[in-house]
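Read through the structure below, which is laid out as structure tokens, and then see the notes.
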Amino acid sequence: MTNARRHPRSTTADQLLTEVADAVRLQEGPPGVRSVLRALRRLAPASTKDLSRATGLPVPIVAALGNELRRRGLVTRERPSRLTEAGSDLVAQLGMDLTLDATCRTCDGRELVIPEVLDEAVRRLRALMESGPAADMAIDQSHCTAETKVRRVLALLTAGALPGGSLLLVGDDDLVSLAVAVVGDVLGGPIVERVTVVDISAEILDYIQKVAGGLGTRVETVRHDLRQPLPEHLHGQHDVAMTDPPYTPEGARLFLSRAVEGLRPGPAHSVFFSFGGKSPDEMLEVQREIMALGLVTNGYIRNFNEYEGSGILGGVGFFQQLLTTTSTASRQGDYSGPLYTGDKRTRQREYECVACGHKVRVGPGARWSQVAALRAEGCPNCGKGPFRPGRLVSEAPEPPEARQQAPAPAGQRPAAPVQQTAPARTGTPNTPGTPGTPGTRTIGWHPPSPEDRAALEKRTHPYVTRQADERDLPAIGAFEAEIARVSFGEDAIDDPVRWAARLGKAMEKSKEGMIVAGRPGEEPVGWCWVSINQNAMTGDRYANFRSLAVSPVDNRSDVAELLLTAGLEFCLAGGITEVTGRVHVGNVPMRTVYRKFGFDPTSLSMKLFLPRGER
């Protein structure tokens, strides 16, 4: 351990923090950069998601900070990330080189541990989630994990809100009502007198009723649009409430208001409130809404909630216990304003091209309504990117020259297992499919035109594609190890040497379809593998899309597009008209790639483990 007091504060170091914060327009300023450096010092090697969870900053912001620190030689280019020697020196100059972690290793800072007796509840809730309604991202839904559901029930028990009493759930796409019922069933009897679920989704409510009927807990479901006050018969009837609202100040105010309406009058009734991390200014708005309702904070746990598919927030959110007071009251009538995150995008934001400094607007009324569309086309000035988010601009219309007809996108810009993003380029519906196949098929992808191809190659400069060979095996092994970690987490085989040996054997048979991207004569920065197979029953040949990975270079998404385009062109050159791919269910980025390139899901692999040694 090094004593931080040996290193006097450096104005140069402080200035560097300011420059990094300004470069990515970080609302948290230099303290936000410090938090990332501190987390890197403590957690290294650390993924972007790990750093997001540790700092409370959104994943894209952490990624942008990481890239800015790499440009300054402070963070390694290898993933997961570490501080370089220069980065460690900077941390020492800032007086942050004290290594001390007081986080509880048992609960990981969540304050609650699921006892073994409830392991069965976790397993049963996982099964219920798999067969339950899907999350609707358009209305900010992202289902919490089975473990989180059980922890929420434990929080109710720990706070004394349960057992007994009545529970109001203001929205329940997370199926907490079923978690309460399942926990009671596992423990041998109901732990609540009555659960009331208010939600607008008939699908969610029907599923809750279908499952809860056999669990012994009384669950009442009420279909209701929460933009309107609760039905009169629900007012003042419940001992405790819980809600996980849309992650906007308006969503927090509306859902908490409905929770207050449903609680019995008087102080010290609990409202358990889940929410995602926001910037300090945004959280100030949320706290003002809480205070305006006459609620006070009695407990707060960061990263208590874990969510499936909530990549922007690192897959976590906080859990807050609020208490009513003698001043608590809901004055919220009907509401018709913006509620969900998408509803809030009413202003344009300025984005600056990193390559040339050109500034463009993104948002309603602009040439690009979303930044993904801007990334897909590239900078209108230089054709490159990436883009740094800048200031919000007034709602005045863009200058006419900024609204000129956009050129057609060049092919597909995907999100590989290492987080590239882009829109799909689709073909003409109902075009003939594979010869000999009855009926018609929709062609999901067409090769880019010569003009589009030239523009793509310009954006990927200085990187070009070529067939992989033995000299590339170390880099390919590292790519495959990273893909395994993304897909399988702790169960991954992530030894690059083993992967390189395996791919070396595959190369001995055939190098066709193995494609790398990089500077001529240098180590690859990207890898794509497409193999040709034959259906044993029909004899039809098809391609299997096996791997795609790209290092964090500045024009990463362009390189990913170039690789995938080369892979699909390889298929067409071989007379292949059908391409398949397998992806782990937890690898959301790669599933997104498939969907955006026109791939359609056709099957689902199921896995079951049996006990050892039993006959």
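Just so you know, residue 1 is the first one in the sequence shown, and it goes up from there.
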### Pairwise side-chain contact, Phe319 with Met242, heavy-atom cut-off 4.5 Å (strictly under)
yes
### Task
Please answer whether the main-chain N or O of Leu74 pairs with a side-chain N or O of Thr84 as donor and acceptor at a distance below 3.5 Å.
yes
### Query
How far apart are the C-alpha atoms of Leu51 and Leu65, what are their side-chain angles, what is the distance that settles it, and do they pass the side chain to side chain contact (heavy atoms under 4.5 Å, CB included) test?
CA-CA 11 Å; Leu51 295 173; Leu65 282 171; over 6 Å; no
### Summary
Of Arg471, Arg519, Arg466, the one forming a side-chain contact (heavy atoms from CB on, under 4.5 Å) with Pro524 is Arg466
### Task
Starting at CG of Leu83, measure out to CG of Leu40 and round the result to the nearest 0.5 Å.
5.0 Å
### Message
Regarding Thr565 and Arg453, do their side chains bring together a donor and an acceptor under 3.5 Å, going by distance alone?
### Response
no
### Message
Can you confirm whether Arg288 sits close enough to Pro249 that some side-chain heavy atom of one is under 4.5 Å from a side-chain heavy atom of the other?
### Response
no
### Query
So with a 6.0 Å cut-off around CD of Glu522, is the heavy-atom count from everything else above 12?
yes
### Message
Nearest 0.5 angstrom please: Arg34 CZ to Arg41 CZ, how far?
### Response
13.5 Å
### Task
Give the ring-plane orientation class for Phe273 versus Phe318, where under 30° counts as parallel, over 60° as perpendicular and anything between as tilted.
perpendicular
### Message
Just checking Glu523: does its CD atom have more than 12 heavy atoms from other residues, nucleotides or ligands closer to it than 6.0 angstrom?
### Response
no
### Min side-chain heavy-atom separation Val354-Arg71 under 4.5 Å
yes
### Message
Any side-chain to backbone donor/acceptor pair from Thr460 onto Asp558? Under 3.5 Å, distance only.
### Response
no
## Note on the structure
All heavy atoms of Cys379 vs all of Cys356, minimum pair found to be SG-SG, 3.7 Å
### Query
Can any side-chain N or O of Arg151 pair as donor or acceptor with the backbone N or O of Phe304 at less than 3.5 Å?
yes
### Message
Working note: Arg110 + Glu147, criterion side chain to side chain contact (heavy atoms under 4.5 Å, CB included); need CA distance, chi angles, decisive distance, verdict.
### Response
CA-CA 12 Å; Arg110 298 189 184 97; Glu147 290 83 356; over 6 Å; no
### Message
Would you say that Asn381 contacts Cys353 through its side chain, given a criterion of any heavy-atom pair below 4.5 Å between the two side chains?
### Response
no
### Side-chain donor-acceptor pair present, Arg38, Ser35, cut-off under 3.5 Å
no
#### Entry: Side chains of Asn305 and Arg152, donor plus acceptor under 3.5 Å
yes
### Task
Look at the rings of Tyr307 and Tyr247 and say which category their plane angle falls in: under 30° parallel, 30 to 60° tilted, over 60° perpendicular.
perpendicular
### Message
Between Arg70 and Thr76 (side chain of the first, backbone of the second, donor and acceptor by atom type, cut-off under 3.5 Å), is there such a pair?
### Response
yes
